[in-house]
2 protein chains.
Amino acid sequence: MKVDRIKGHLDLVLLGVLSESPGHGYAVITTLRARTEGTLDLTEGSVYPALHRLEELGLLASEWQPVAGRRRRMYRVTTAGQRALQAERRDWRALVSAVEAVLGRAPATAVGAL
Amino acid sequence: MKVDRIKGHLDLVLLGVLSESPGHGYAVITTLRARTEGTLDLTEGSVYPALHRLEELGLLASEWQPVAGRRRRMYRVTTAGQRALQAERRDWRALVSAVEAVLGRAPATAVGAL
DNA sequence: TCTTCATACCTAGCCTAACTAGGTATGAAG
DNA sequence: CTTCATACCTAGTTAGGCTAGGTATGAAGA
């Protein structure tokens, strides 16, 4: 499934995952893929720049960790990031409520076609 | 509230509203604002180009109607538009499920219609 | 050995679509 | 005779997710 529909909600899921436990970018990608059973299959080209942007905004902090010869950039959510996450959650629920208010009256799953 | 978060879901709500009953652009805007109690307060600069795009794609059809000296462009959802709407609904539900799976079942989604 | 795969990171440039900020025009209300 | 609500339009900007490339290590397997 194409999930360019994540547009505008990428920060939400990134902050959401990292607020539970700090982790590195690649792990965030695989976590999202696993938790959503493949629905959220984000590319590195989406996630890494987003992580950089969130750090730039002060919502994430990172530090390099050497791991078996490789290196990982471990991210954690800052205090400002926690506040931002709460705001993102509120906005998300508002959007879901709004869309459901709009679509709620139409035949949802009852459409006979297909 | 800023709802640029509608990004990627504008087609869904436009097709959703117009599939219930044909209408003109300005009415769609006021309908969305009323139904969502102001949450979805879209600008004309968002809606009109979107309607044109959807018509260009064959998902909407329109015709001018004279109304008390003024003129309105009345839109209706085409057959292809109905199919597209169903696909949009599926994608929307998939996104909501995915985000909730990531965030750990957020509440406030008690509308059974979806 | 040598190739391939999984891990783990990065970025320049593209593309889409929502938004900004302006514009036109009518009719009613004040 | 001005202002407001209705009703439409679009050029140009912006944001941000995606494409498509790149670097590098370690382990598996041919």
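Numbers restart at 1 for each chain; the letters A, B, ... are given by sequence-line order, proteins then strands. Here the structure is a predicted model, which is why all the values come from computation and not from measurement.
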Could you tell me the separation between the [atom1] atom of [X] and the [atom2] atom of [N], rounded to a whole number of Å?
X: A:Leu51; N: D:dC18; atom1: CG; atom2: C1'; value: 15 Å
X: B:Arg53; N: D:dA11; atom1: CZ; atom2: P; value: 16 Å
X: A:Ile6; N: D:dG16; atom1: CD1; atom2: P; value: 14 Å
X: A:His24; N: C:dC10; atom1: NE2; atom2: P; value: 11 Å
X: A:Leu10; N: D:dA15; atom1: CG; atom2: C1'; value: 13 Å
X: B:His52; N: D:dA11; atom1: NE2; atom2: P; value: 11 Å
X: B:Leu14; N: C:dC19; atom1: CG; atom2: P; value: 11 Å
X: A:Glu56; N: D:dA15; atom1: CD; atom2: P; value: 14 Å

* Rounded distance (nearest 0.5 Å) linking atom NZ of A:Lys7 with atom NE2 of A:His9 ->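 One finds 11.0 Å between NZ of A:Lys7 and NE2 of A:His9.
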Can you tell me which nucleotide in [options] comes closest to the side chain of [X]?
X: B:Trp64; options: D:dC8, C:dC9, C:dT11; value: D:dC8
X: A:Glu44; options: D:dC18, C:dA8, D:dC9; value: C:dA8
X: A:Tyr26; options: D:dC9, C:dT7, D:dT19; value: C:dT7
X: A:Tyr48; options: D:dA7, C:dA17, C:dT11; value: C:dT11
X: B:Ser46; options: D:dC9, C:dA18, D:dG17; value: C:dA18

Test item: [X] side-chain N/O and [Y] main-chain N/O as donor-acceptor pair under 3.5 Å:
X: B:Arg35; Y: A:Val102; value: yes
X: B:Thr78; Y: B:Leu59; value: yes
X: B:Glu44; Y: B:Tyr26; value: no

* Asked: For B:Gly16 and B:Leu85, which heavy atoms make the closest approach, and how far apart are they?
  ->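 Closest pair (atom of B:Gly16, atom of B:Leu85, distance): N-CD1, 3.9 Å.
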* Looking only at non-hydrogen atoms, find the nearest pair between A:Gly25 and A:Tyr48 and report the distance. =>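 So the two residues come closest at CA-CE2, 4.0 Å.
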* Strand partner of C:dG30, provided both Watson-Crick or wobble distances fall under 3.5 Å ->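 Its partner is D:dC1.
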* **Base paired to C:dC5 (Watson-Crick or G-U; both N/O distances under 3.5 angstrom)** =>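 D:dG26 - that is the nucleotide pairing with C:dC5, both distances being under 3.5 Å.
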* Structure fact -> Heavy-atom contacts, protein to nucleotides 25-30 of chain C, under 4.0 Å, summarised as B (base), S (sugar-phosphate only) or - (none) per nt, yield -BS---
* What residue among B:Thr31, B:Leu60, B:Leu54, B:Val13 forms side chain to side chain contact (heavy atoms under 4.5 Å, CB included) with B:Leu18? ->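 Of B:Thr31, B:Leu60, B:Leu54, B:Val13, side chain to side chain contact (heavy atoms under 4.5 Å, CB included) with B:Leu18 is met by B:Leu60 alone.
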* Given D:dC9, is OP1 or OP2 found less than 4.0 Å from the side-chain N or O atoms of B:Arg73? ->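 Answer yes for this pair, as a side-chain N or O of B:Arg73 is under 4.0 Å from OP1 or OP2.
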* Asked: Are B:Arg72 and D:dA7 close enough that a side-chain N or O sits under 4.0 Å from OP1 or OP2?
  ->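 So the side chain of B:Arg72 is within the cut-off, an N or O lying under 4.0 Å from OP1 or OP2 of D:dA7.
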